[in-house]
Amino acid sequence: MALTLAALVAERPLGLRVRAAEAALDRPIGWVHPTELTDPQAFLEGGELLLTTGLALDETTSPGYIRRLVDAGVAGLGFGVGLSHESIPQSLVDTADEVGLPVLEVPRKTPFIAITRAVSRAVAADEYASLVRTGKGQQELTRTAVGKGGPGGVVRKLAKLVDGWVLLLDSSGTVTEASPSARPFADELQNDFARLRAGTLVTVAGEYEVVLQTLDTRARGVLAVGTREPLDAAGQHIVNTAVSLLSLALEQNREHSGALRRLRTGLCDLLAAGHGELATRTMKSLWGGVPEAPWSVLAVAGPASARRSLADALDAELAGETVFFGESGAFVLAVGDVEAVARYASRIGGLHAGLSEPVSTVDFPVGLRQAKQAAEAAKAERSPLVRFAEHAGRGFLEIVDSQAAQAFSDSLLAPLRHHDETGRGELVASLTCWLEHHGHWDLASARLGVHRHTLRNRMRKVAELTGRDLDSPGVRAEFWLALQVSART
């Protein structure tokens with residue numbers, strides 16, 4: 001922290017006395033400059049403590065001299081007595097009080113060089129402290145960036161280092177990372193964000209001075225840093241370091257995400273071409289596991305921007321052993337926990353999903369075809385999700401006489417409904433679920449919340465009551481059509 005006039009006066013060995021504008025002693029001293037010139041403005045930068053013996057000053061010239069020093073922006077005046085003047089001219093003191101320029105009386109025994117040394121030591125100590133703080137801050141930010149903290153960790157660490165708050169915004173002005181308590185400032189900064197094209201912009205948000213600085217990335221991003229006091233040199237260096245680290249991290253993340261998406265697209269192409277074994281082996285080596293088969297393939301159609309948003313959400317939240325997703329043409333494909341994927345898709349406008357029947361990895365091309373057909377049907381119907389089994393069933397029923405179909409359904413399902421009405425089981429619901437899961441016992445029983453042996457017993461009861469063999473594909477199809485007719489009435 002820079003040495004102030006008050007701190008200099010407090011150094012008793014110097015013997016300085018305050019003679020004017022005592023209320024302004026909190027001014028920092030940038031440097032010390034001795035001169036006997038009556039107009040030294042051309043040689044000053046502002047912030048100096050000017051030292052003089054008043055060789056060319058008297059009661060008449062002093063007021064104009066003080067006003068010239070104020071115009072030059074000096075921090076204060078040190079007037080040496082006992083040489084040219086036994087005491088400071090009264091007109092100088094009065095004028096200095098009037099304009100608020102501190103005047104320090106320097107006794108004859110105190111050489112000007114002693115004051116210069118005191119200020120020089122303080123400046124050197126301040127610069128050293130700033131250098132140490134800068135170096136320490138840069139090290140902490142770098143460790144955070146290369147560790148597990150990522151961009152979010154860098155943002156939170158920066159907020160602590162500058163004793164303020166930090167926001168990281170993307171090209172649309174949306175907050176992607178924020179330190180604690182920072183998010184409420186995002187709306188207030190939107191107009192300033194819109195004005196900033198490149199470089200740095202300083203603005204105000206409440207009681208905070210805010211520095212907006214663009215990141216050096218292909219995708220435009222902005223770092224917003226809010227502090228109660230303007231950033232000092234060390235703070236500016238630390239912010240610049242954070243900008244560089246975040247730019248590098250985000251660009252690397254962008255390249256990494258792009259490479260992963262291209263890899264997932266390639267794996268989808270392998271699966272679609274019937275190379276399931278090679279694709280699943282690659283998944284295991286990359287992500288440590290593969291969603292358990294059989295797979296219900298989910299295909300999501302919609303605008304490219306909405307599909308990208310879905311892929312971003314899946315990449316951040318669901319990618320791993322329970323979900324594999326990739327992009328294939330105008331679709332986002334997923335297998336595994338497809339219900340979770342469908343929920344994410346439903347939160348994004350303009351997306352329509354189609355779900356295939358369960359298939360093995362070898363039969364992935366069949367599931368892909370079904371999922372895409374169902375997705376196209378969902379798009380045509382403006383529905384968030386259509387299951388292929390329902391879509392296929394509806395398609396056939398459109399060409400069947402409705403009265404004949406209803407009679408067929410009532411006849412086939414009557415024994416099951418009568419059984420359910422007696423409270424002895426849930427045969428219709430169990431049969432529907434079992435057929436929806438393509439006869440897969442574990443998946444269907446898990447969905448129903450019963451043991452697979454219980455489900456097997458129910459299916460045996462269905463066969464017994466109807467006199468039909470559920471192992472026959474044709475019989476299963478008849479039951480499925482009967483159930484679809486029943487659901488439509």
Side-chain angles (χ1 to χ4, degrees), residues 1-131 229-237:
M1 185 174 180
L3 181 70
T4 63
L5 292 169
L8 185 65
V9 171
E11 295 194 17
R12 293 187 177 277
L14 296 177
L16 305 179
R17 291 179 55 206
V18 182
R19 294 296 307 277
E22 186 172 4
L25 291 180
D26 59 346
R27 294 180 180 178
I29 304 171
W31 194 241
V32 180
H33 182 64
T35 180
E36 298 300 333
L37 296 175
T38 57
D39 187 5
Q41 294 181 78
F43 305 97
L44 302 176
E45 294 181 349
E48 298 91 352
L49 172 63
L50 202 67
L51 301 178
T52 184
T53 63
L55 184 63
L57 298 176
D58 54 30
E59 294 288 351
T60 302
T61 58
S62 290
Y65 174 72
I66 288 297
R67 288 186 169 85
R68 287 191 291 275
L69 296 188
V70 171
D71 291 341
V74 300
L77 175 67
F79 198 104
V81 296
L83 293 172
S84 302
H85 297 271
E86 289 300 320
S87 62
I88 302 176
Q90 190 60 44
S91 63
L92 186 149
V93 173
D94 292 343
T95 305
D97 262 331
E98 179 185 338
V99 298
L101 179 68
V103 175
L104 308 181
E105 182 179 286
V106 182
R108 174 70 180 81
K109 65 178 181 178
T110 302
F112 283 177
I113 191 66
I115 298 174
T116 301
R117 285 173 178 166
V119 174
S120 180
R121 285 194 302 269
V123 170
D126 189 49
E127 289 180 348
Y128 178 75
S130 178
L131 182 63
E229 299 293 335
L231 290 170
D232 57 14
Q236 292 171 10
H237 285 306

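Given the structure is predicted, the values throughout are model-derived calculations rather than measurements.
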Quiz item: Which pair of non-hydrogen atoms, one from Leu49 and one from Leu8, has the smallest distance, and what is that distance?
Solution: CD2-CD2, 3.5 Å

Practice problem: List the atom of Pro40, the atom of Leu50, and the distance in Å for their closest heavy-atom pair. | Solution: CG-CD2, 3.9 Å

Exercise. Could you tell me the separation between the CG atom of Leu77 and the CD atom of Glu48, rounded to the nearest 0.5 Å?
Key: 12.5 Å

Exercise. Give every residue pair that meets the salt bridge (Lys or Arg N to Asp or Glu O under 4.0 Å) criterion with at least one member in residues 87-102, sequence neighbours excluded.
Key: Arg67-Glu98

Quiz item: How would you list all residue pairs meeting salt bridge (Lys or Arg N to Asp or Glu O under 4.0 Å) that involve residues 106-125, not counting sequence neighbours?
Solution: none

Quiz item: Does any pair with a residue in residues 39-92 pass ring-ring contact (aromatic ring centres under 6.0 Å, His included), and if so which ones, sequence neighbours excluded?
Solution: Phe79-His85

Exercise. Grab the two heavy atoms, one from Ala96 and one from Ala21, that are nearest each other, plus how far apart they are.
Key: O-CB, 4.1 Å

Exercise. Tell me, please, which residues at least two apart from Ala125 pass side chain to side chain contact (heavy atoms under 4.5 Å, CB included).
Key: none

Exercise. Evaluate the side-chain proximity of Leu25 to Thr4: yes if any heavy-atom separation is below 4.5 Å, no if none is.
Key: no

Quiz prompt | Thr116: partners by side-chain hydrogen bond (donor to acceptor under 3.5 Å, both in side chains), with sequence neighbours left out | solution = none

Quiz item: OG1/Thr38 to CG/Leu55 distance, rounded to the nearest 0.5 angstrom?
Solution: 10.5 Å

Exercise. Please report the shortest heavy-atom distance between Val93 and Ala20, naming the atom on each side.
Key: O-CB, 3.9 Å

Exercise. Output the distance between atom CZ (Arg68) and atom CG (Leu44), rounded to the nearest 0.5 Å.
Key: 12.0 Å

Practice problem: Would you list the pairs meeting salt bridge (Lys or Arg N to Asp or Glu O under 4.0 Å) in which at least one residue belongs to residues 15-38, sequence neighbours left out? | Solution: Arg17-Glu105, Arg19-Glu105

Practice problem: State, to 0.1 Å, how close Ser62 and Ser91 come at their nearest heavy-atom pair, and which atoms those are. | Solution: CB-OG, 3.5 Å

Exercise. List in chain and number order the residues that pass side chain to side chain contact (heavy atoms under 4.5 Å, CB included) with Pro34, two or more places apart in sequence or in another chain; answer none if no residue qualifies.
Key: Leu51, Phe112

Practice problem: Would you give the length of the straight line joining atom CG of Asp58 to atom OG of Ser84, rounded to the nearest 0.5 angstrom? | Solution: 11.5 Å

Exercise. Working to the nearest 0.5 Å, report the span between CG of Leu69 and CG of Leu92.
Key: 8.5 Å

Quiz item: Who passes salt bridge (charged side-chain N to carboxylate O under 4.0 Å, His left out) against Glu59, sequence neighbours left out?
Solution: none

Quiz item: Does Glu229 CD have over 12 foreign heavy atoms under 6.0 Å away?
Solution: no

Quiz item: Of all residues at least two apart in sequence or in a different chain, which pass the side chain to side chain contact (heavy atoms under 4.5 Å, CB included) check with Asp71?
Solution: Gln41

Quiz item: Is the closest side-chain heavy-atom distance between Leu5 and Ile29 below 4.5 Å?
Solution: yes

Self-check item: Contacts of type side chain to side chain contact (heavy atoms under 4.5 Å, CB included), residue Ala114, not counting sequence neighbours
Solution: Leu14, Thr110, Pro111

Quiz prompt | Heavy-atom pair with the smallest gap, counting every atom of Thr61 and Ala56 | solution = OG1-O, 3.7 Å

Self-check item: Close side-chain approach of Val18 to Leu104, heavy-atom, < 4.5 Å
Solution: yes

